[in-house]
Amino acid sequence: MSAFLALLKRDLLLSVRQGGALGTALGFYMLVVTLLPLGLGADLNLLSRIAPGVLWIALLLAALLSLGRVFSSDYEDGTLDVLATGSLPMELVVTAKALAHWLSTGIPLALMAPVLGLLLNLDIGAYPLLVATMLAGTPAVSFIGAVGAALTLRAYRGGLLIALLVLPLYVPTLVFGMAAINGLLGASGSGSAFLILTALSLASIVLCPLAAAAALRVQMQ
């Protein structure tokens, strides 16, 4: 467990010191949401209705920008080879790196959503539910993305391939994320979609490290 925590701490420190991936993701998120009202016009009712969907889709696209660095920098400087021969199983190595990606990118993007919601005339009462659904769904974004990053580790223009591989797998997270917001804001107040969204994230935390570790072993042969 100490090796796992040490690797998690190292990746978090690197993401803070480098800052480029997070800055790019946050900047892209802000630009997409800022440009949308300029394209759709000043219909506040329309913007308010589509705001949760716009914020979710923009978050998924912004998170994609940083996925390519989950393994690539460690692969290029040889750190990944050292980790592969160390005492920590590759599945836990993947878990630590995906968890670091969620903590350093997924959570900041989710917490930025209410600020951008102001640009889309989102009801202030929806902010806590929006953030809650994003915090519940973004672990799936990071762990599924880790599988895509592992599969494209040695590929030319891996960033584009990650998007092609991962975006279809994000569909359930997006669908149940939207259903969770609509259900919790509706008259019924049903939270079943939120529970399914949480289950998707938990399943991705369990299953995706197995798939990503297998892909890394193949890539490093």
Side-chain angles (χ1 to χ4, degrees), residues 7-8 11-12 14-15 18-33 53-81 83-84 90-110 112-113 134 137-177 197 200-201 203-221:
L7 180 58
L8 176 62
D11 278 19
L12 289 175
L14 285 176
S15 66
Q18 295 173 352
L22 176 59
T24 302
L26 292 177
F28 181 83
Y29 194 26
M30 183 177 66
L31 281 175
V32 170
V33 178
V54 170
L55 292 170
W56 254 105
I57 292 172
L59 182 147
L60 295 179
L61 296 176
L64 278 175
L65 296 178
S66 58
L67 286 175
R69 298 178 59 85
V70 173
F71 300 114
S72 62
S73 58
D74 283 347
Y75 176 72
E76 291 168 358
D77 64 15
T79 302
L80 199 58
D81 291 318
L83 292 173
M90 186 57 78
E91 288 78 6
L92 289 181
V93 170
V94 172
T95 302
K97 290 188 162 297
L99 185 58
H101 180 269
W102 178 62
L103 292 171
S104 62
T105 304
I107 289 180
L109 287 173
M112 191 177 181
M134 286 183 168
T138 44
V141 174
S142 293
F143 279 83
I144 292 174
V147 177
L151 288 171
T152 60
L153 182 63
R154 298 170 59 185
Y156 178 66
R157 294 184 177 178
L160 178 59
L161 287 177
I162 290 177
L164 293 175
L165 288 172
V166 167
L167 278 178
L169 300 178
Y170 282 169
V171 171
T173 302
L174 175 63
V175 169
F176 286 104
L197 180 66
L200 284 174
S201 286
S204 69
I205 292 172
V206 173
L207 299 176
C208 288
L210 302 177
L216 285 176
R217 292 190 183 98
V218 172
Q219 296 282 350
M220 296 172 66
Q221 286 180 353

- request: Please name the residue in the list Leu167, Val175, Leu174 that meets the side-chain contact (heavy atoms from CB on, under 4.5 Å) test with Val171.
  value: Val175
task: State, yes or no, whether a side-chain contact exists between Thr173 and Trp56 at a heavy-atom distance under 4.5 Å.
output: yes
query: Is the shortest heavy-atom distance from the side chain of Ile162 to the side chain of Leu151 under 4.5 Å?
result: no
message: Restricting to non-hydrogen atoms, name the atom on Ser201 and the atom on Ala140 that form the minimum distance, rounded to 0.1 Å.
response: OG-N, 3.4 Å
field: Close side-chain approach of Leu60 to Val141, heavy-atom, < 4.5 Å
entry: yes
task: Report yes if some heavy atom in the side chain of Tyr29 is under 4.5 Å from a heavy atom in the side chain of Leu61; otherwise report no.
output: no
query: Which pair of heavy atoms, one from Val70 and one from His101, lies closest together, and at what distance?
result: CG2-CD2, 4.0 Å
Closest contact, heavy atoms only, Ala163 versus Pro168: O-CD, 4.1 Å
field: Stepwise salt bridge (charged side-chain N to carboxylate O under 4.0 Å, His left out) check, Arg69 with Glu76
entry: CA-CA 10 Å; Arg69 298 178 59 85; Glu76 291 168 358; over 6 Å; no
- prompt: Is the shortest heavy-atom distance from the side chain of Leu109 to the side chain of Met134 under 4.5 Å?
  reply: no
- prompt: Would you say the side-chain atoms of Ser66 pair up with the backbone N or O of Ala63, donor to acceptor, closer than 3.5 Å?
  reply: yes
- request: Please test Leu210 against Val94 for side-chain contact (heavy atoms from CB on, under 4.5 Å), starting from the C-alpha separation and ending with a verdict.
  value: CA-CA 8 Å; Leu210 302 177; Val94 172; over 6 Å; no
statement: All heavy atoms of Val147 vs all of Ala212, minimum pair found to be CA-CB, 4.0 Å
- line: d(Leu200 CG, Leu169 CG) to nearest 0.5 Å is 11.5 Å
query: With distance as the sole test, does Ser142 use its side chain to make a donor-acceptor pair with the main-chain N or O of Pro139 at under 3.5 Å?
result: no
- line: d(Ser204 OG, Trp102 CH2) to nearest 0.5 Å is 11.0 Å
query: Looking at CZ of Phe28 and CG of Leu59, how far apart are the two atoms once the value is rounded to the nearest 0.5 Å?
result: 11.0 Å
task: Go through the steps for Thr138 and Ile107 under the test side-chain contact (heavy atoms from CB on, under 4.5 Å), then give the verdict.
output: CA-CA 8 Å; Thr138 44; Ile107 289 180; 5.6 Å; no
message: Are the side chains of Leu153 and Leu80 in contact, using a 4.5 Å heavy-atom criterion?
response: yes
message: Within the 4.5 Å heavy-atom criterion, are Tyr75 and Leu216 side-chain neighbours or not?
response: no
query: How long is the gap from CG on Leu165 to CD1 on Ile144, to the nearest 0.5 Å?
result: 12.0 Å
task: Check Tyr170 against Leu67 and note the closest heavy-atom contact, atom names and distance.
output: OH-CD1, 3.5 Å
query: Is any side-chain heavy atom of Asp74 closer than 4.5 Å to a side-chain heavy atom of Lys97?
result: yes
- prompt: So which heavy atom on Ala100 is nearest to which on Ser104, and how close?
  reply: O-OG, 2.7 Å
statement: Between the OG1 atom in Thr105 and the CG atom in Leu26, the distance rounded to the nearest 0.5 Å is 8.0 Å
query: To the nearest 0.5 Å, how far apart are CG in Leu8 and CG in Leu103?
result: 6.0 Å
